[in-house]
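Here is the structure we will look at.
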Amino acid sequence: MGFKIEQNIEAVKIDQPTKSKNWFTTDIDFFGGHFGAKKKERFYLDMRTLLAADVDLRTALEIITDEQEKQKDIDTLNVIYETVIKGKSLSQGLAASNKFSEYEFYCIQVGEESNRLVEVLDELIIYYADQSAMKKQITSVMSYPLFVLVITIGLVYFMM
């Protein structure tokens with residue numbers, strides 16, 4: 001008495017937008033206007049909380065978009081929202097926004113396919129929390145030597 005298990009696995013081509021290599025048309029933001037680690041951590045935390053509370057994905061994206069203050073963040077989340085409304089997955093929406101890495105894209109895709117999206121979002125929250133803490137630590141470690149260097153250059157200039 002044996003069982004035969006058949007799996008229908010198909011290769012699915014995912015359309016990922018190409019990133020522009022033209023330096024003249026890229027948006028330059030020196031003061032953290034991009035969708036950085038803290039914003040991603042907050043996005044994943046909000047998304048995880050809403051999905052764990054059994055809120056559907058469309059409503060969760062609407063709620064997260066409504067609480068944003070900056071227009072660039074609203075635009076980024078609207079791209080994700082519009083992609084999801086068209087019937088594509090959250091991972092494809094992240095890829096369409098061009099603000100998320102391939103690591104995030106594939107993690108979310110695995111979470112969607114395995115029905116463990118909340119657990120994957122937990123891991124992404126931890127990842128970006130650690131990344132933010134590391135960046136803060138590096139900044140604090142490098143500030144003193146930079147301060148000493150500037151003072152030294154100023155003293156040498158004054159003495160000359």
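Scope of the values below: all heavy atoms of this structure, side chains included, with no hydrogens, waters or symmetry mates.
- Under the salt bridge (charged side-chain N to carboxylate O under 4.0 Å, His left out) criterion, the residue pairs touching residues 53-64 are Arg58-Glu62, with sequence neighbours excluded.
- Of all heavy-atom pairs between Ser91 and Phe105, the closest is O-CD1, 2.8 Å.
- Following chains of ILVMFWY side-chain contacts shorter than 4.5 Å, one cannot reach Val110 starting from Tyr128, and the two form parts of different hydrophobic clusters.
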query = After noting the C-alpha distance and the side-chain angles of Lys70 and Lys39, does the key distance pass the side chain to side chain contact (heavy atoms under 4.5 Å, CB included) rule?
reply = CA-CA 11 Å; Lys70 294 187 178 181; Lys39 290 181 184 179; 4.1 Å; yes

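- Under a hydrophobic clustering in which Ile, Leu, Val, Met, Phe, Trp and Tyr are joined whenever their side-chain heavy atoms come within less than 4.5 Å, directly or via other members, Met142 and Met134 fall into the same cluster.
- Atom NZ of Lys88 sits about 7.0 Å away from atom OG1 of Thr83, to the nearest 0.5 Å.
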Result block: side-chain N/O donor-acceptor pairs under 3.5 angstrom for residues 117-127, not counting sequence neighbours:
residue : atom : partner : partner atom : Å
Asp122  : OD1  : Arg48   : NE           : 2.5

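- Distance check, rounded to the nearest 0.5 Å: OG1 of Thr49 to CE of Met47 gives 10.5 Å.
- Under a hydrophobic-cluster definition in which Ile, Leu, Val, Met, Phe, Trp and Tyr are linked whenever side-chain heavy atoms come within less than 4.5 Å, directly or via other members, Leu57 and Val79 are assigned to different clusters.
- Distance check, rounded to the nearest 0.5 Å: CG of Leu94 to OH of Tyr106 gives 12.5 Å.
- Applying the side chain to side chain donor-acceptor pair (under 3.5 Å) rule to Glu82 yields no partners; only residues at least two apart in sequence or on another chain are considered.
- Counting only residues at least two apart or in different chains, ring-ring contact (aromatic ring centres under 6.0 Å, His included) contacts with residues 39-64 comprise Phe43-Phe100.
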message = Between Ser101 and Glu104, is the side chain to side chain contact (heavy atoms under 4.5 Å, CB included) condition met? List the steps.
response = CA-CA 5 Å; Ser101 66; Glu104 297 165 272; 3.0 Å; yes

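- Residue Leu61 holds its CG atom at 6.5 Å from CG of Leu90, rounded to the nearest 0.5 Å.
- With sequence neighbours left out, Val148 forms a side chain to side chain contact (heavy atoms under 4.5 Å, CB included) with Tyr144, Thr152.
- From Lys38, atom NZ reaches atom CG of Leu45 across 14.5 Å, with rounding to the nearest 0.5 Å.
- Contact detail for Gln68 and Leu77: the closest heavy-atom pair is CG-CD1, 3.5 Å.
- Taking every heavy atom of both residues into account, Ile80 and Gly93 meet most closely at CG1-O, 3.5 Å.
- More than 12 heavy atoms of other shown residues, nucleotides or ligands fall within 6.0 angstrom of atom OH in Tyr103.
- For Ser143, the side chain to side chain donor-acceptor pair (under 3.5 Å) test picks out no residue, with sequence neighbours left out.
- Rounding to the nearest 0.5 Å places CD of Glu67 at 8.5 Å from CD1 of Ile63.
- Under a 3.5 Å cut-off, the side chain of Lys40 and the backbone N or O of Lys99 do form a donor-acceptor pair.
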task = Run the numbers on Gln71 and Ile74 for side chain to side chain contact (heavy atoms under 4.5 Å, CB included), then give the verdict.
result = CA-CA 5 Å; Gln71 188 60 40; Ile74 293 170; 4.1 Å; yes

